[in-house]
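Here the structure is laid out as structure tokens; the discussion comes afterwards.
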Protein chains: 2
Amino acid sequence: MPNPTLALYIDRLEGPLGQRIYAALRNAILDITFEPGMILRKGALCEQLGVSRSPVSEALGRLSSDGLVDIIPQSATRVSQFSLVELREESFLREAVEVAAVVKVAAERTEDQLTRLTRNLRLQELLIDDKDFQGFFEADVEFHELILGFTGFPKVVAAAGQMSLQLRRARMLLLPEEGRPAEALAEHHSILNAIRAKDPAAAGQAVSMHLGQLIERIVPLQRQHPGYFRPS
Amino acid sequence: MPNPTLALYIDRLEGPLGQRIYAALRNAILDITFEPGMILRKGALCEQLGVSRSPVSEALGRLSSDGLVDIIPQSATRVSQFSLVELREESFLREAVEVAAVVKVAAERTEDQLTRLTRNLRLQELLIDDKDFQGFFEADVEFHELILGFTGFPKVVAAAGQMSLQLRRARMLLLPEEGRPAEALAEHHSILNAIRAKDPAAAGQAVSMHLGQLIERIVPLQRQHPGYFRPS
DNA sequence: TTCTGTCAACTAACATGCCAGTTGGAGGCG
DNA sequence: CGCCTCCAACTGGCATGTTAGTTGACAGAA
């Protein structure tokens, strides 16, 4: 079932066609528009997008090295399935980087950084009160990205995202649980408090706790969506 | 100046042509056979390798997303230059992951893992005695990869390598300093001792110290090889 | 009914032709 | 003498034709 949205999407972007197609397919995979295990036919994609096979091949090649698609030589290419060990791996990497980041930030934080984090948390509170869970999700992501960016290493936020692509995709499957946003907010507060207190150890601990619960909530997904997971 | 070794190299590998070319170019860039800033001409590469432009384009695209080449659209593609902030960033990421790994490993280590690490360190001692610095270099890399692998997450070692490509490349420029291998060996010993003692905190500290050395030795390279660094 | 061998249709991989954007230098103008 | 303009050659991006490998279904034998 072709997705006409794709063709519109690549027209809105600019830059080389290959990169636009890469971005479009990547987004489609990450938000489960393209389901794990789904077979991607080059010819069909070209027809839907109205382009030739060259830029599509380039895009698929990059997605392959991202681990988002599996290319079976001379045969087919399909959207990669989840693997629990891989998800645990990404969780480990993500936690390693984010803990290191918050430790550094907690030690060196400026007043301005504190202000921006506080402002973000205020926003989170408002969004929860309004039950705008989509908005909360985005503010949540931004909170983490702010901390990563405050390390002074601009590419760290990109690297952290790149190393947890599967995690981000699996997160889309999580149903909004009653009370979970409030819990997350409380965890964010304890992170911010440790940063405010310039207590690196406590900040690292708080981030570790916060991230650790994500993988716990992801594990049961294997039962709910067995087709999305690699038979192992 | 074409490198005839390349053509031979890709013949020895197997798999899709694009991947072989990617691997060949990647190696050439990482060991400075292709110098930072050097312009890569697609046509010339195709002629040297005896292939068409398709697989070369694919390879260059992947190298671009690795950050090893910069593609200037419609103009040229060149081997990326070093950037000190980027190198510091990679050092930060590398340290974050490797510290997290050794903390986990120190807590959970088995006797077998201890044996393999000890054996590796013995080898390092022998190689230093024989003044085989190339061999020591490889044993050094293996020591770190062993620890990363002992996390139980097979892809962590690959991820750690992927996130510190520039660091690995810059390392090639370091001249062998008198007494540095012996220092490194001593640092490896303190890491191993902490792992043996099941002391995660000490192990993390030791790894952090050890990795901190590398970036300190890389910083002065900007003076020795100004052409290899991005003008900033 | 089940297993196996064969073959046709489909796929990704590769080669090649074409086009548009960039660049650097030559030549003219101030 | 210096600066600006313009043009030609070269580059990477895209389209398309061709090839080789895989797969799955169908037919025939056990």
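Lettering of chains follows the sequences in order, A, B, ..., and the numbering in each one begins at 1.
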Verdict with reasoning, B:R169 to B:Q166, per side chain to side chain donor-acceptor pair (under 3.5 Å): CA-CA 5 Å; B:R169 183 160 65 126; B:Q166 304 289 349; 2.8 Å; yes

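- Counting to the nearest Å, the P atom of C:dA12 and the CD1 atom of A:I71 are 8 Å from each other.
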Table of protein N/O atoms under 3.5 Å from nucleotides 23-26 of chain C N/O atoms:
none

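- In 5' to 3' order, the nucleotides of DNA chain D bounding all contacts with chain B (an atom under 4.0 Å from a heavy atom) are D:dT11 to D:dG13.
- Spacing between atom CZ of A:R78 and atom C1' of C:dT11 amounts to 13 Å, rounded to whole angstrom units.
- The distance from atom CG of B:L49 to atom P of C:dC14 is 13 Å, rounded to the nearest whole Å.
- Ring orientation note: the planes of A:F82 and A:F229 are tilted relative to one another, at an angle of 30° to 60°.
- Residue-to-nucleotide contacts include a donor-acceptor pair under 3.5 Å from the side chain of B:S54 to the base of C:dA15.
- Within 6.0 Å of CD on B:Q224 lie more than 12 heavy atoms contributed by other residues, nucleotides or ligands.
- Heavy atoms only, all atoms of each residue included: B:I71 and B:L60 are closest at CD1-O, 4.0 Å.
- Straight-line distance from the CG atom of A:L40 to the P atom of C:dC10: 18 Å, rounded to whole Å.
- B:E58 places its CD atom 13 Å from the P atom of C:dA12, with the value rounded to the nearest Å.
- Note: NZ (B:K42) to C1' (C:dG21) measures 14 Å, nearest angstrom.
- One can place CG of A:L17 at 17 Å from P of C:dC19, the figure rounded to the nearest angstrom.
- A:F92 and B:F153 have tilted rings, their planes meeting at an angle from 30° to 60° on a 0 to 90° scale.
- Between its two ends, the helix from C:dT1-D:dA30 to C:dG30-D:dC1 turns its axis by 10°, counting five pairs per end and rounding to 10 degrees.
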